[in-house]
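Here's the structure we're looking at; comments come further down.
Note that the structure is predicted; figures quoted are calculated from it, not measured. Note: hydrogens, waters and symmetry copies are ignored here, and every other heavy atom, side chains too, is used.
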Amino acid sequence: MEVLLSVAVPVPIYGSFDYRIGTSAVPAPGCRVEILFNHRTLIGIVVSEAREPGETEPLSRFRPIERVIDAEPLLSPAMMALGQWIADYYHHPIGEVLTALLPVSLRRGEPAQLRATPAYRLTEGGLAALDRLPARSQRLRALLEALRDQGAVSRAGLNGIQGIAASLRRCLDEGWVELAAEALPSPIRLAESELPQLTPDQARAVEALEAAGSGFSTHLLQGVTGSGKTEVYLRAIARAIAHGGQVLLLVPEIGLTPQLLDRVRERFGEMVVDGYHSGLNDAARGQVWLRAASGRLPVVVGTRSAALLPMPRLALIIVDEEHDTSFKQQDGLRYSARDVAVLRGSRENAPVILGSATPSLETLQRVQAQRYSLLRLPRRVRSVDPPRLQLLDVRGQPFQQGLAPVLVAAIERHLQAGGQVLLFINRRGYAPALICHDCGWTATCTHCDARLTWHRGRGRLICHHCGARQVPPAACPQCQSTQMLAVGHGTERIEETLRTRFPEARVERFDSDRLRSVRALQALLKDTREGRVNILVGTQMLAKGHDFAGLSLVGVVDADQALFSVDFRAVERMGQLLTQVAGRAGRAGQRGEVIVQTHQPDHPALRRLIEASYDGLAALLLHERAEAQLPPFSHLALLRAEASTEQNAMDFLDAAGACLPTLPGVQKLGPVPAPMERRAGRFRAQLLIQALDRVALHRALTPWLPLLDTLPGARGLRWSIDVDPVDLY
DNA sequence: AGCACGCCGACT
DNA sequence: GTCGGCGTGCTC
């Protein structure tokens with residue numbers, strides 16, 4: 001006797017597939033199974049209960065399930081429901097979504113086996129020995145005290161202690177320390193008197209969160225840089241894990257700033273917290289996933305994909321820097337970790353805290369609509385006023401390699417006063433173009449519609465869109481002139497200019513070209529914090545999270561780029577970036593200075609930012625978005641197509657547009673060739689769908705997308721749908 | 001996606 | 001004559 005089961009298969013096809021299996025071993029929904037699918041073996045996930053075949057479907061029409069991998073569901077009913085919601089909302093095939101919920105090791109079919117992490121624990125004898133220990137036994141004391149204070153600690157958690165290997169051996173031999181059987185990690189509980197004193201603002205936020213209770217509610221914690229958001233997070237976490245709850249703390253893809261993870265470890269103990277990010281190998285990620293799924297891991301600090309971790313006892317989700325665009329996945333399943341976090345809060349009945357100094361307009365709009373509460377930390381903990389931005393009108397100014405004399409003078413003044421200076425320029429390389437002085441020829445990418453950036457240090461022209469690189473021509477390929485000019489300024493060139501102008505200062509460049517490894521960045525950051533660097537030149541890499549106590553001047557080389565962008569979110573992002581960069585200045589006692597170079601000193605958005613800070617700018621932008629019916633006042637989905645010719649891509653999108661269901665409040669914009677039509681040798685075009693309400697958007701998309709593969713133009717073409725796109729190109 | 005089938009060019 | 005190019009179709 002056999003029955004049928006629906007199995008979600010990791011292929012880009014909507015829907016799931018039916019397989020047969022004997023009634024003696026029917027796997028439950030959420031179990032992995034091995035199946036033959038179109039001439040190959042794949043691992044799928046059971047998505048239905050067993051059913052009897054109908055009259056018209058003989059069993060012989062179905063393939064058998066080859067192997068059942070899990071005896072118990074790997075994905076809980078809650079996770080299966082989350083997967084189904086994500087598949088429906090982002091219009092992505094269920095098989096690929098459910099696979100995305102698993103770590104790579106489990107996708108490959110490895111057994112779901114949680115290895116016990118050996119942990120060391122102090123014995124009674126050890127506690128007694130601690131009192132009798134001679135004063136000179138400092139290393140032993142450090143180890144015993146760490147174990148006394150933290151309960152059970154893994155070997156990795158002891159690595160910071162001097163001479164740990166020898167001390168541990170001695171303690172085990174003496175019976176002072178034993179290997180603990182895997183125990184529920186118990187968070188350290190500090191007495192009120194051991195906790196940092198809260199500022200009145202922090203105390204208000206903590207109280208408001210407590211008053212909101214343990215059920216679902218969403219809060220925007222808006223705190224300026226240095227206002228102590230982390231301490232508020234820690235208090236909320238303490239409450240959530242006190243009775244066995246689990247906490248998800250999502251951070252942007254900075255990976256370079258483990259401070260938050262360290263703070264959580266320090267406060268609650270090393271066994272209580274795991275990180276989940278791209279720095280871990282597949283095996284380690286798999287173990288964190290399984291620990292989270294077991295309900296015995298209290299806290300995970302992780303990047304975007306951590307929003308998809310199973311947390312059976314979820315009691316709190318925090319999204320730090322919620323405005324950060326790295327929470328949106330930019331390929332494949334294009335989900336927003338922030339939005340998934342809020343959704344999980346509501347489905348799994350847990351509070352959600354969104355933290356930012358510069359919240360996204362989407363979040364601010366929900367605060368205005370009173371769907372989210374607002375908790376503000378308007379003051380810095382150490383009561384230095386945040387720096388004031390000032391615009392520097394550079395029109396007609398004699399530029400010195402992109403820097404106006406007023407800015408150069410300010411740099412000199414701050415250096416002489418012993419301050420550090422940060423120059424922000426969001427453009428890598430030496431110059432964004434190389435041009436022939438005699439005929440105007442410029443170096444362009446052979447695969448993309450883009451100019452090549454001149455990387456002088458490496459002696460190469462590099463395409464920032466596809467990565468192609470070439471040796472610059474010795475003479476102009478068009479007129480054989482040797483007069484090639486570098487036009488515009490990137491980090492390399494600003495660095496060079498400053499080295500020449502301030503030869504006595506140490507100038508360091510912070511960008512992804514120079515700092516390939518986390519280690520290199522850490523080393524340079526350490527040098528900077530310890531005052532050995534005088535001038536920092538860098539990209540957004542410098543805007544996030546790093547504290548420099550000696551920084552007194554921030555210069556923004558070019559604020560104008562964003563003002564002319566085709567992307568309607570560019571100004572919002574500029575405001576966030578400038579506010580974050582400015583927040584780096586003036587942290588040690590004196591108020592910092594921030595100088596923003598612009599050719600548009602009267603631009604309303606810039607003026608608003610200067611006069612009314614980010615909040616003022618956000619209010620202005622929200623007003624503009626409402627007028628223009630742009631998000632968050634409408635909802636978008638972007639259909640992208642990529643083909644070998646522009647005609648094919650456009651024809652496909654025309655055909656697609658023609659069969660879009662007509663619904664009130666839903667309109668299509670385009671199709672248009674993508675702002676950069678040709679990228680890595682393929683032609684791209686896109687069709688934007690705009691809807692006044694979300695329900696209408698989904699009513700249009702749901703029947704529409706399955707049609708697209710049947711269109712005649714779909715052959716040899718790749719298309720994808722992006723719901724709530726953040727980058728419109 | 002990825003694999004098979006199928007129908008056209010240059011090779012031991 | 002075959003090996004293999006990648007266009008088209010299909011996946012329970």
Side-chain angles (χ1 to χ4, degrees), chain A residues 1-23 25-70 80 83-84 86-87 90-104 106-109 282 329-335 447 639-649 651-652 655-656 680-684 705-722:
Chain A
M1 183 53 189
E2 287 193 313
V3 288
L4 294 179
L5 279 178
S6 289
V7 177
V9 183
V11 288
I13 303 171
Y14 290 113
S16 48
F17 298 85
D18 291 343
Y19 285 82
R20 63 187 153 87
I21 189 165
T23 48
V26 180
C31 288
R32 289 172 299 165
V33 291
E34 207 172 87
I35 41 126
L36 273 168
F37 182 86
N38 196 21
H39 309 283
R40 69 208 146 114
T41 302
L42 292 177
I43 290 163
I45 291 162
V46 177
V47 292
S48 77
E49 302 290 346
R51 73 182 164 83
E52 305 272 327
E55 291 291 309
T56 55
E57 36 182 22
L59 278 168
S60 58
R61 278 203 0 222
F62 300 93
R63 285 179 172 280
I65 283 173
E66 300 291 318
R67 181 168 77 97
V68 174
I69 299 174
D70 301 304
M80 293 293 283
Q84 190 60 57
I86 290 175
Y90 291 104
H91 297 273
H92 201 78
I94 182 69
E96 291 197 334
V97 172
L98 292 182
T99 302
L101 295 185
L102 298 177
V104 171
L106 296 175
R107 278 178 217 173
R108 282 193 304 243
D282 291 347
Q329 176 132 331
Q330 295 288 13
D331 54 73
L333 169 58
R334 306 175 110 99
Y335 68 102
H447 311 287
L639 179 66
R640 295 184 170 85
E642 194 184 290
S644 50
T645 69
E646 188 195 320
Q647 194 63 47
N648 286 355
D651 286 351
F652 169 76
R682 308 268 300 166
F683 289 86
R684 301 149 67 248
L705 295 172
L707 295 178
L708 298 186
D709 280 325
T710 69
L711 292 175
R715 52 190 155 54
L717 174 145
R718 289 151 65 116
W719 63 265
S720 66
I721 188 77
D722 188 349

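- Annotation: of the two residues near DNA chain B, Arg718(A) and His39(A), the 5′-most nearest-nucleotide partner is Arg718(A).
- Within the 4.5 Å cutoff, the side chain of Arg63(A) has no heavy atoms near those of the Ile35(A) side chain.
- Looking at heavy-atom distances under 4.0 Å, Leu4(A) makes no contact with the nucleic acid at all.
- For the pair Phe62(A) CZ and dT11(C) P, the computed distance is 12 Å after rounding to whole Å.
- You'll find the side chain of Leu333(A) reaches within 4.5 Å of the side chain of Tyr90(A), heavy atoms only.
- When the C1' atom of dG2(B) is taken as reference, atom CD of Glu96(A) falls 12 Å away, rounded to whole Å.
- Distance CD1/Ile94(A) to OG/Ser6(A): 11.0 Å, rounded to 0.5 Å.
- Protein atom CG of Asp18(A) is 13 Å distant from nucleotide atom P of dT11(C), rounded to whole Å.
- Taking the side chain of Phe17(A) as heavy atoms from C-beta on, and the options dC12(C), dA1(B), dA4(B), the nearest nucleotide is dC12(C).
- Considering all non-hydrogen atoms of both residues, Asp722(A) and Arg640(A) come closest at OD2-NH1, 3.1 Å.
- Heavy-atom neighbours of Arg51(A) CZ from other residues, nucleotides or ligands within 6.0 Å: above the threshold of 12.
- At whole-Å resolution of the value, CD1 in Ile13(A) and C1' in dC12(C) are 10 Å apart.
- Sparse packing is recorded around CD of Glu49(A), with 12 or fewer heavy atoms of other residues, nucleotides or ligands lying under 6.0 Å away.
- The CG-C1' distance, from Leu36(A) to dT11(C), rounds to 12 Å in whole Å.
- When rounded to the nearest whole Å, the span between CZ of Arg63(A) and C1' of dC3(B) equals 12 Å.
- Among the atoms of the strands shown, base atoms are found under 4.0 Å from some heavy atom of Phe37(A).
- Base engagement by Arg40(A) is indicated by at least one non-hydrogen atom pair under 4.0 Å involving a base atom.
- In this structure, the CZ atom of Arg20(A) is 12 Å from the P atom of dC12(C), given to the nearest Å.
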Taking N or O atoms only and anything under 3.5 Å, show me the protein contacts with nucleotides 6-10 of chain C, one pair per line.
from    : atom 1 : to       : atom 2 : distance (Å)
dC10(C) : O2     : Asn38(A) : ND2    : 3.0

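- In this structure, Met80(A) and Val47(A) approach most closely via the heavy-atom pair CE-CG1, 3.8 Å.
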